[in-house]
Amino acid sequence: MSTEPQTKDFIRNIVAEDLKNNKNDGRLVTRFPPEPNGYLHIGHAKSICLNFGVAREQGGVCHLRFDDTNPVKEETEFIDAIKTDVSWLGFDWGENEYYTSSYFEQLYQFATQLIRAGKAYVEDLSGEEMRQMRGTLTQAGTNSPCRERSIEDNLDLFERMRNGEFGNGEKVLRAKIDMAAPNMNLRDPAMYRILHAHHHRTGNEWCIYPMYDFAHGQSDSIEQITHSICTLEFADHRPLYDWFIEQLGIFAPRQYEFARLNLGYTVMSKRKLQQLVAQNHVSGWDDPRMPTLVGMRRRGFPARAIRTFCERIGVGKSDSWIDMSVLEDCVREQLNETAPRAMCVIDPIKVVITDYPPKKFFRLGPGREVRLRNSYIIKCNDFICDEHGKITELHCTHDAATLGAAPEGRKVKGIIHWVSQAHALKVEVRQYDRLFNVESPGASKEGVDFIDEMNPDSKEIIPCCYAEPSLANAEIGVPYQFERLGYFCADNESKSDALVFNRTVTLRDSWQKAK
RNA sequence: UGGGGCGUCGCCAAGUGGUAAGGCACCGGAUUUUGAUUCCGGCAUUCCCAGGUUCGAACCCUGGCGCCCCAGCCA
């Protein structure tokens, strides 16, 4: 399991300091709060490693809480997938599995508490009208005519909202804060909206649902979260969460924000990932080119490598763009230690050893001597071309004295991998490259759709490759190094009679660079 | 003269008044039956800019500049 980071980030420092001061009676509770509306990606891994990591390192616990406040977007399928991914990454939430939807009744009571305190009111205005009255970034908004509604009326209306007396969008419960607040989040934000929709957990019990902003902070409070760690864009919401907590007089978790992960040449936004899947630009959430955890797992990235990656990139507040090479290095480091070596020929040329019984496949420059890995040094004497002048066959002789022995005073040009044609397995190999051609898809120019920035060559299928016989037993997802080529693993579409291997990552290639 | 956040090597990132860690990338060189691995060595007189305080500043002060986020009945 991963060790403690070499240097502590600002969040770990804060936690350590709080613990030292016995803040919260020495309790440490964090949480990873995904919305079950999609699959987890490498950006979530950063958050998972942070939240679960801090808790594990400093003797706390980390909750897994599904923030399921929007029934129209959430599905049970995603809950299961998220749990699988978090477990795969190597973290255990034990009994601490929670759902915001479990707090719906409590949240409703909180709302009525605010209404009674004159801090919330039922709005009649339409969404469009509310938007217009909200003002702009530089101009204050104007108060709604409903703002001074009596507490009795608000209580009555809110209850009727719950009872289903109104249609979607007809009413909304708003917090009464300040329409002139420079922080837009404080301009009487919506707390509850009407949604006649089936919820994956509460079914048809509710037709009003709390907004994330009205649910998140209180959920943290209910769970006695001591350190609410989230990404930077929520810093502006912190004053709102604090306001709700203070009005309600309940336990106040402290929120800390860190910069979300950006990886070059891929996309991390859920909306974009969803679009890639929905429009079939990739084969699914688990397409090996996707930055999703399922995709990376299928591609062959070890969970350990992803943990190492999250450790290496650090946690800070400045916008960061991490180069894919950092992730690839973590993957290579891990695989180099664990992957058994095997041989597979992807671009075969027939070689006939004229003075040795079996025939073999491999690559070799004509007129030269070369070493067959784990075998003899052979010498190319002749070659055969097809009608286009392409070499199709090499005729070589072997040096019987070189099996397991160093060449006597001769410099061999190189060592190549090969496979015996008579015994080789015919396999399919899939090689992957970056999904996009630009570092930040969708952010390049005005009006350029990120879909148009996809790399058309991100997936290369090589149907006829020759692998050594031992690979017949390759289990799905288990890594191998195909010598001189890279790390590969059997794809989940692989069948015993139709083996398919994914290239996880290439080996470093200083020769390519030199050219 | 809206609010919030951020600016240390190509990319991340330590450092928080005592004279710039580390990783990735990159460049050398050694070992090697994977042009892999491993191994040595190099890689910011300088911390967005300009002033100021100080014996001494990336760290403190003042003023600029630049980048990111916010006007969902999404999260």
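Just so we're on the same page: letters track the sequence lines, and every chain starts at 1. Just so you know, these numbers come straight off a predicted model, no measurement behind them. Below, each value reflects all heavy atoms present in this structure, side chains not excepted, and no hydrogens, waters or symmetry copies.
Rounding to whole angstrom units, CD of residue A:Glu35 and P of B:C74 are separated by 11 Å. Rounded to an integer number of Å, the gap from A:Asp188 CG to B:A71 P is 16 Å. Distance, A:Gln481 CD to B:G35 P: 10 Å, rounded to whole Å. Atom CG of A:Leu403 and atom P of B:U33 are 15 Å apart (whole Å). Between A:Phe309 atom CZ and B:C12 atom C1' the separation is 9 Å, expressed in whole Å. As rounded to whole Å, 20 Å separates atom P of B:U32 from atom CD1 of A:Ile416. The separation between A:Asp220 atom CG and B:A75 atom C1' is 14 Å, rounded to whole Å. Look at CG on A:Leu261: it is 12 Å from C1' on B:C11, rounded to the nearest Å.
Contact between A:Met161 and A:Ile208 at its shortest, heavy atoms only, is O-CG2, 3.5 Å.
Distances were taken from every side-chain heavy atom of A:Met130 (C-beta onward) to each of B:C73, B:C12, B:C6; the shortest belongs to B:C73. Listed nucleotides: B:G2, B:C12, B:C73. Nearest to the side chain of A:Met211: B:C73. For A:Asp67, the listed nucleotide lying nearest its side chain is B:A75; candidates were B:A75, B:U33, B:A71. Among the nucleotides B:C12, B:G23, B:U34, the one closest to any side-chain atom of A:Arg341 is B:U34. Closest contact between the side chain of A:Leu232 and the listed nucleotides B:G35, B:G72, B:G5 involves B:G5. When distances run from any side-chain atom of A:Ile415 to the nucleotides B:A75, B:C12, B:U33, the shortest one goes to B:U33. Closest to the side chain of A:Val326, from the set B:G23, B:G2, B:C6, is B:G23. Candidate nucleotides B:C74, B:G35, B:C73 were compared by shortest atom distance to the side chain of A:Trp511, and B:G35 ranks first.
Note on A:Thr69: only backbone sugar-phosphate atoms sit closer than 4.0 angstrom, heavy atoms only; bases stay farther off. Nucleic acid contact for A:Asp329: sugar-phosphate only, since backbone atoms but no base atoms lie under 4.0 Å from a heavy atom of the residue. A:Asp236 comes within 4.0 angstrom of a nucleotide base, judged by non-hydrogen atoms across all strands. The residue A:Leu137 sits close to a base: some heavy atom pair falls under 4.0 Å. Nucleic acid contact for A:Gly264: none, since no nucleic acid atom lies under 4.0 Å from a heavy atom of the residue. Within the nucleic acid shown, A:Ser325 comes within 4.0 Å of sugar-phosphate atoms alone, with no base atom in reach, counting heavy atoms only. Using a 4.0 Å heavy-atom cutoff across all strands shown, A:Phe234 reaches at least one base atom of the nucleic acid. No contact: A:Leu240 has no heavy atom under 4.0 Å from any strand. Contacts of A:His237 with the nucleic acid, taken as non-hydrogen atoms under 4.0 Å apart, include base atoms. Within the 4.0 angstrom heavy-atom criterion, only backbone atoms of the sugar-phosphate kind lie near A:Val315; the bases stay farther away. Among the protein residues, A:Gly169 comes within range of the nucleic acid bases, having at least one heavy atom under 4.0 Å from a base atom.
Look at the C1' atom in both B:A44 and B:C26: the space between them is 15 Å, to the nearest Å. Comparing the P positions of B:G7 and B:C60 gives an interatomic distance of 12 Å, to the nearest angstrom. The same atom, P, is picked in B:U45 and in B:C40; the two are 26 Å apart, to the nearest Å. Spacing between B:U8 and B:C43 at atom C1', rounded to whole Å, works out to 16 Å. B:C70 and B:C61: their C1' atoms are spaced 30 Å apart (whole Å). The separation of B:G72 from B:C9, taken at their C1' atoms, amounts to 41 Å, rounded to a whole angstrom. Here the separation of B:U46 from B:G63, taken at their P atoms, is 27 Å to the nearest Å. To the nearest whole angstrom, the two C1' atoms, one in B:G41 and one in B:G18, are 30 Å apart.
Nucleotide B:G42 is shown with an anti base, its glycosidic torsion being more than 90° from 0.
One can find a donor-acceptor pair under 3.5 Å joining the base of B:U33 and the side-chain atoms of A:Arg371. In terms of polar N and O atoms assigned as donor or acceptor, the side chain of A:Asp509 never comes within less than 3.5 Å of the base of B:G35 in a complementary pairing.
Geometric assessment of A:Lys272 against the ring of A:Phe450 yields a positive cation-pi assignment under the 6.0 Å and 45° thresholds. Judged by a 6.0 Å distance limit and a 45° cone about the ring axis, A:Arg201 is positioned over the six-membered ring of A:Tyr99. Taking the centre and axis of the six-membered ring of A:Tyr487, the NZ or CZ atom of A:Arg332 falls outside the cone set by 45° and 6.0 Å. Taking the centre and axis of the six-membered ring of A:Tyr121, the NZ or CZ atom of A:Arg174 falls outside the cone set by 45° and 6.0 Å.
Nucleotide B:U38: paired with B:A30 (Watson-Crick or G-U wobble, both distances less than 3.5 Å). In this structure B:A75 sits in no base pair that meets the Watson-Crick or G-U test at under 3.5 Å. Base pairing of B:C9 is not made with any nucleotide, judged by Watson-Crick or G-U wobble geometry with both donor-acceptor distances under 3.5 Å. Using N1 to N3 plus N6-O4 or O6-N4 for Watson-Crick, or N1-O2 and O6-N3 for G-U wobble, each under 3.5 Å, B:A57 pairs with nothing. Look at B:G2: its Watson-Crick or wobble partner, with both distances under 3.5 angstrom, is B:C70.
With 3.5 Å as the limit, one finds a donor-acceptor pair spanning the side chains of A:Gln255 and A:Glu257. Of the N and O atoms on the side chains of A:Gln218 and A:Ser221, not one donor lies less than 3.5 Å from an acceptor on the other residue. Checking A:His63 against A:Glu223 by side-chain atom types alone, a donor-acceptor pair falls below 3.5 Å.
The shortest distance between the side-chain N/O atoms of A:Arg193 and the OP1/OP2 oxygens of B:A75 is below 4.0 Å. Listed pair A:Ser318 / B:G5 fails the phosphate criterion, with no side-chain N or O lying under 4.0 Å from OP1 or OP2. Listed pair A:Arg187 / B:A71 fails the phosphate criterion, with no side-chain N or O lying under 4.0 Å from OP1 or OP2.
Comparing A:Glu170 and A:Arg373 by the nucleotide of RNA chain B whose heavy atom lies nearest to each, the residue mapping closer to the 5' end is A:Arg373. When the nearest nucleotides of RNA chain B are assigned to A:Lys46 and A:Arg238 by heavy-atom distance, the more 5′-ward of the two goes with A:Arg238.
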Working for ring pair (Phe, Tyr, Trp, His ring centres under 6.0 Å), residues A:Phe501 and A:Phe482: CA-CA 10 Å; A:Phe501 287 92; A:Phe482 287 179; 5.3 Å; yes
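One N or O on the side chain of A:Asn51 and one on the backbone of A:Ser47 form a donor-acceptor pair closer than 3.5 Å.
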Pairs: protein N or O with nucleotides 39-43 of chain B N or O, under 3.5 Å:
none

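Here CH2 of A:Trp243 is found 13.0 Å from CG of A:Asn183. Values are rounded to the nearest 0.5 Å. For the atom pair CE of A:Met324 and CG of A:Asp433, the computed distance is 9.5 Å after rounding to the nearest 0.5 Å.
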